[in-house]
Amino acid sequence: MSVLEFIILGLALSLEILIVMNSCAKAMPVRLTKGLAESFSIALINALMLLLGIWIGNMLRFTPVNIDPNAPSTNNLLAETDNLVYLGLLILVAVRLLMRSGKKNRRVQPYDISKFGTVALLGIAVGINIFLVGFALGFRIPLQENIWRASIPMVVIMTAFAFLGIMLGRQNKELRARRYTLIAVLLLLAFALKILWE
């Protein structure tokens with residue numbers, strides 16, 4: 001996978017943290033320096049969850065990790081099973097996001113982000129979808145070849161989006177959560193189909 005594809009994935013997965021951090025910062029404003037540290041912490045946790053998902057997916061995939069699932073010598077049935085698991089998990093994440101955006105005026109429960117413990121738990125809670133995406137990717141790509149291409153864009157983009165959410169929340173700016181969630185779903189589905197057709 002290319003860095004550009006991981007950037008698209010990072011954008012799709014970071015929109016959710018933008019919404020959550022905006023809601024939290026409106027209820028409990030934090031200093032910008034602390035907000036930047038918290039944004040980086042959440043991004044790091046989510047990048048680790050993505051890598052953990054890819055690692056577990058590599059262990060559970062049906063074709064060996066060091067063999068390209070699209071290679072002609074690969075057993076077609078096993079490669080097709082890997083592709084179906086990959087696509088099914090990404091559709092599951094897209095459906096989860098769509099269910100959250102079902103309400104026209106989606107409200108996100110604010111949490112006290114003035115404590116790093118709460119921020120870490122919030123990062124894990126938001127990272128469930130990211131873990132599932134990583135798990136799906138583990139059925140398509142080897143972790144060893146993509147560890148830096150996957151983690152660096154995720155950390156940079158998610159830090160920027162989380163910090164943007166905090167800054168907008170401090171100014172009491174209202175985000176259209178439903179619209180951002182639908183954009184995330186479209187980016188995720190476009191990413192899924194692009195990787196599947198490679």
Side-chain angles (χ1 to χ4, degrees), residues 3 5-57 89-90 93-94 96-97 99-101 106-138 143 146-185 187-188 191:
V3 175
E5 289 165 338
F6 279 116
I7 289 172
I8 293 170
L9 180 63
L11 288 171
L13 297 175
S14 296
L15 287 170
E16 189 70 15
I17 199 68
L18 171 70
I19 297 165
V20 171
M21 294 306 279
N22 174 262
S23 175
C24 293
K26 276 194 290 191
M28 182 67 62
V30 293
R31 293 190 321 273
L32 287 179
T33 51
K34 187 172 186 181
L36 183 59
E38 290 176 347
S39 300
F40 180 73
S41 302
I42 283 184
L44 198 57
I45 289 168
N46 283 290
L48 290 173
M49 291 189 75
L50 178 73
L51 296 177
L52 177 64
I54 295 173
W55 179 67
I56 293 173
L89 285 169
L90 286 184
V93 173
R96 280 173 51 96
L97 289 173
M99 287 174 62
R100 286 187 192 169
S101 69
R106 178 186 166 198
R107 297 285 178 199
V108 178
Q109 179 182 348
Y111 297 95
D112 182 7
I113 57 171
S114 63
K115 301 173 184 172
F116 272 101
T118 306
V119 171
L121 292 174
L122 185 61
I124 293 170
V126 172
I128 297 298
N129 284 336
I130 296 171
F131 171 79
L132 290 174
V133 169
F135 185 51
L137 282 174
L143 177 62
N146 295 280
I147 187 166
W148 298 114
R149 280 181 285 195
S151 57
I152 292 174
M154 180 65 67
V155 169
V156 171
I157 293 170
M158 190 159 285
T159 300
F161 273 67
F163 191 57
L164 179 62
I166 289 174
M167 287 192 298
L168 293 175
R170 282 169 47 94
Q171 297 172 2
N172 285 321
K173 299 284 185 185
E174 193 67 40
L175 294 180
R176 296 185 178 181
R178 188 179 186 203
R179 179 179 295 175
Y180 285 115
T181 305
L182 291 176
I183 292 170
V185 169
L187 285 172
L188 189 62
F191 172 83

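For clarity, every value in this text was computed on a predicted model and none was experimentally measured. In what follows, every heavy atom counts, from backbone to side chain, and hydrogens, waters and symmetry copies are set aside.
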Validation: residues 34-52 side-chain donor-acceptor distances under 3.5 Å, sequence neighbours left out:
{"residue": "Lys34", "atom": "NZ", "partner": "Ser114", "partner atom": "O", "Å": "2.2"}
{"residue": "Ser39", "atom": "OG", "partner": "Gly35", "partner atom": "O", "Å": "2.7"}
{"residue": "Ser39", "atom": "OG", "partner": "Phe163", "partner atom": "N", "Å": "3.1"}
{"residue": "Ser41", "atom": "OG", "partner": "Ala37", "partner atom": "O", "Å": "2.9"}
{"residue": "Asn46", "atom": "OD1", "partner": "Gly127", "partner atom": "N", "Å": "3.3"}
{"residue": "Asn46", "atom": "ND2", "partner": "Ile42", "partner atom": "O", "Å": "2.7"}

Rounded to the nearest 0.5 Å, what separates atom [atom1] in [X] from atom [atom2] in [Y]?
{"X": "Leu18", "Y": "Leu175", "atom1": "CG", "atom2": "CG", "result": "5.0 Å"}
{"X": "Ile19", "Y": "Phe161", "atom1": "CD1", "atom2": "CZ", "result": "10.5 Å"}
{"X": "Leu90", "Y": "Leu137", "atom1": "CG", "atom2": "CG", "result": "6.5 Å"}
{"X": "Asn129", "Y": "Glu16", "atom1": "CG", "atom2": "CD", "result": "7.0 Å"}
{"X": "Leu13", "Y": "Leu187", "atom1": "CG", "atom2": "CG", "result": "9.5 Å"}
{"X": "Arg170", "Y": "Arg31", "atom1": "CZ", "atom2": "CZ", "result": "9.5 Å"}

With side chains defined as the heavy atoms from C-beta onward, is the minimum distance between [X] and [Y] less than 4.5 Å?
{"X": "Phe6", "Y": "Met154", "value": "no"}
{"X": "Lys173", "Y": "Met167", "value": "no"}
{"X": "Val133", "Y": "Leu9", "value": "yes"}

Nearest heavy-atom neighbours spanning [X] and [Y]:
{"X": "Thr159", "Y": "Val155", "value": "OG1-O, 2.6 Å"}
{"X": "Asn22", "Y": "Gly169", "value": "ND2-N, 3.2 Å"}
{"X": "Cys24", "Y": "Ile113", "value": "CB-CG2, 3.6 Å"}
{"X": "Ala184", "Y": "Leu15", "value": "N-CD1, 3.7 Å"}
{"X": "Ile147", "Y": "Ser151", "value": "O-OG, 2.7 Å"}
{"X": "Val185", "Y": "Ala94", "value": "CG2-O, 3.8 Å"}

Tell me every residue that passes ring pair (Phe, Tyr, Trp, His ring centres under 6.0 Å) with Phe135, counting only those two or more places apart in sequence or in another chain.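 Phe135 satisfies ring pair (Phe, Tyr, Trp, His ring centres under 6.0 Å) with Phe139 only.
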Are more than 12 heavy atoms, taken from residues, nucleotides or ligands other than Phe131, located less than 6.0 Å from that residue's CZ atom?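 Count over threshold, so yes.
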